[in-house]
Amino acid sequence: MLDKRVAKLLNEQITKELYSAYLYLGFSVFYEAEGLDGYANWYMIQAQEERDHAMLFLKYLQMCGEKVELGAIDKPDKKLSGLMDPLNAGYEHEQYVTSLINDIYSAAYDVKDFRTMQFLDWFVKEQLEEEKNAEDMIKKMELFGNDSKGLYSLDAEYAQRVYSAPSLVL
């Protein structure tokens, strides 16, 4: 059985990951309306990844014999008016998610829950990648986004992204 605080944080993370999926779905819709299908694709795939992250937390709780309690998913409140808005909001959000994963890891560490810490190791590494990707997208948009040919090339690059399910095995 998991420590009550650790179980509570893991349960809350399911909702936070589903919120992330909802947020990125909104970014995808925004870019689609702007005619940037590649950016829309990138964020649609990002939404799928976040949904799968939620499912990993859910499955882990079930494997530990814990009750899964699904919370309400808030409507994203980000106002998107410029092409940089989703990128900046995405980077800020990934930093927030990293802090959430760190909080769960810290709680597991406090009670010597090595199994949960090992489960979270994948997410710690994943968050490094997520923050790096978000930061790179900002840098590329700042460098090339004001040039129509540059923006076209970036959009074409992001259109090539394909979905691959997380490789974490429970």
Side-chain angles (χ1 to χ4, degrees), residues 9-60 70-107 119-168:
L9 290 171
L10 289 167
N11 259 302
E12 289 172 356
Q13 193 63 29
I14 295 169
T15 305
K16 305 275 186 183
E17 296 290 341
L18 291 171
Y19 172 83
S20 297
Y22 201 28
L23 179 69
Y24 291 141
L25 182 61
F27 293 176
S28 177
V29 168
F30 172 81
Y31 281 122
E32 185 73 32
E34 293 294 318
L36 293 170
D37 299 342
Y39 279 85
N41 174 66
W42 200 93
Y43 278 111
M44 182 64 72
I45 290 171
Q46 197 62 26
Q48 291 173 305
E49 278 191 11
E50 302 302 342
R51 181 203 63 218
D52 283 351
H53 294 170
M55 298 308 294
L56 290 170
F57 281 101
L58 184 145
K59 188 68 177 167
Y60 180 73
L70 302 176
I73 303 168
D74 294 332
K75 179 181 177 181
D77 62 352
K78 301 294 182 195
K79 302 292 184 226
L80 307 175
S81 58
L83 298 181
M84 287 295 294
D85 292 346
L87 302 178
N88 289 323
Y91 181 55
E92 178 183 302
H93 184 73
E94 289 301 339
Q95 290 175 317
Y96 169 67
V97 172
T98 297
S99 76
L100 295 172
I101 300 296
N102 289 344
D103 289 347
I104 303 169
Y105 202 102
S106 179
F119 167 71
L120 291 171
D121 283 343
W122 183 87
F123 289 96
V124 170
K125 292 174 190 169
E126 176 72 4
Q127 281 310 118
L128 174 63
E129 179 184 323
E130 298 285 15
E131 284 188 39
K132 176 78 169 111
N133 287 340
E135 187 176 33
D136 286 350
M137 289 180 81
I138 290 170
K139 287 178 182 176
K140 287 179 180 181
M141 180 65 87
E142 289 173 344
L143 285 170
F144 308 112
N146 291 325
D147 173 68
S148 59
K149 289 179 185 176
L151 182 58
Y152 181 82
S153 292
L154 286 175
D155 194 55
E157 176 185 330
Y158 295 135
Q160 299 304 309
R161 184 179 187 200
V162 294
Y163 180 71
S164 62
S167 59
L168 178 64

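Counting from 1, the numbers follow the sequence of the chain as shown. What you see is a predicted model, and the numbers here were worked out from it, not measured in a lab.
- Between His93 and Lys78, every side-chain heavy-atom pair lies at or beyond the 4.5 Å cut-off.
- Counting only heavy atoms from C-beta outward, the side chains of Asn41 and Gln160 never approach each other to under 4.5 Å.
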Is there a ring pair (Phe, Tyr, Trp, His ring centres under 6.0 Å) between Phe57 and Tyr60 once you walk through the steps?
-> CA-CA 5 Å; Phe57 281 101; Tyr60 180 73; 8.1 Å; no
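- At distances below 3.5 Å, not a single donor-acceptor pair connects side-chain atoms of Ser106 with backbone N or O atoms of Asn102.
- Glu12 contributes atom CD, which lies 5.5 Å from atom CG of Leu9 (distance to the nearest 0.5 angstrom).
- The main-chain N or O of Trp42 is found under 3.5 Å from a side-chain atom of Arg161 such that the two form a donor-acceptor pair.
- The two atoms that bring Ile138 and Leu87 nearest to each other are CD1-O, 3.6 Å, heavy atoms only.
- Inter-residue side-chain proximity for Trp122 and Leu56 is flagged as met; some heavy-atom pair is nearer than 4.5 Å.
- To the nearest 0.5 Å, atom NZ of residue Lys16 and atom CG of residue Asp74 are 8.0 Å apart.
- For the atom pair CG (Asp155) and OH (Tyr39), the distance works out to 7.0 Å, reported to the nearest 0.5 Å.
- Residues Tyr24 and Gly90 approach most closely at OH-O, 3.5 Å, considering heavy atoms.
- Counting only distance, with no hydrogens or angles, the side chain of Asp147 and the backbone of Phe144 share no donor-acceptor pair below 3.5 Å.
- Under a 4.0 Å N-O distance rule, the pair Asp136/Lys132 qualifies as a salt bridge.
- When every heavy atom of Leu80 is checked against every heavy atom of Gly26, the shortest pair comes out as CD1-O, 4.4 Å.
- Judged purely by atom type and a 3.5 angstrom limit, Ser153 uses its side chain to pair as donor or acceptor with the backbone of Lys149.
- The side-chain contact (heavy atoms from CB on, under 4.5 Å) test with Leu36 is passed by exactly one of Tyr43, Tyr158, Tyr31: Tyr31.
- Here CG of Leu120 is found 7.5 Å from OH of Tyr105. Values are rounded to the nearest 0.5 Å.
- The two residues Ile101 and Gln127 make their nearest non-hydrogen contact at CG1-CG, 4.2 Å.
- Here Lys140 contributes atom NZ and Glu157 contributes atom CD; the two are 3.5 Å apart, rounded to the nearest 0.5 Å.
- Here CG of Leu83 is found 11.5 Å from CG of Asn88. Values are rounded to the nearest 0.5 Å.
- Nearest heavy-atom pair, Ala40 versus Ser28, reported as atom, atom and distance to 0.1 Å: O-OG, 2.8 Å.
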Decide yes or no on side-chain contact (heavy atoms from CB on, under 4.5 Å) for Glu131 and Thr98, but give the supporting numbers first.
-> CA-CA 8 Å; Glu131 284 188 39; Thr98 297; 2.5 Å; yes
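- No side-chain heavy atom of Met44 sits less than 4.5 Å from a side-chain heavy atom of Glu32.
- Scanning both residues, Leu25 and Ala47, for their nearest heavy atoms gives N-CB, 3.9 Å.
- Contact annotation: the side chain of His53 never approaches that of Gln13 to less than 4.5 Å [non-hydrogen atoms, C-beta and beyond].
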Please walk me through it: do Tyr91 and Gln95 pass side-chain hydrogen bond (donor to acceptor under 3.5 Å, both in side chains)?
-> CA-CA 6 Å; Tyr91 181 55; Gln95 290 175 317; 3.2 Å; yes
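- The shortest side-chain heavy-atom distance between Asn11 and Ile14 falls under the 4.5 Å cut-off.
- Within the 4.5 Å cutoff, side-chain heavy atoms of Tyr96 are placed close to those of Leu100.
- Checked by atom type, the side-chain pair Gln46/Glu50 shows a donor-acceptor distance below 3.5 Å.
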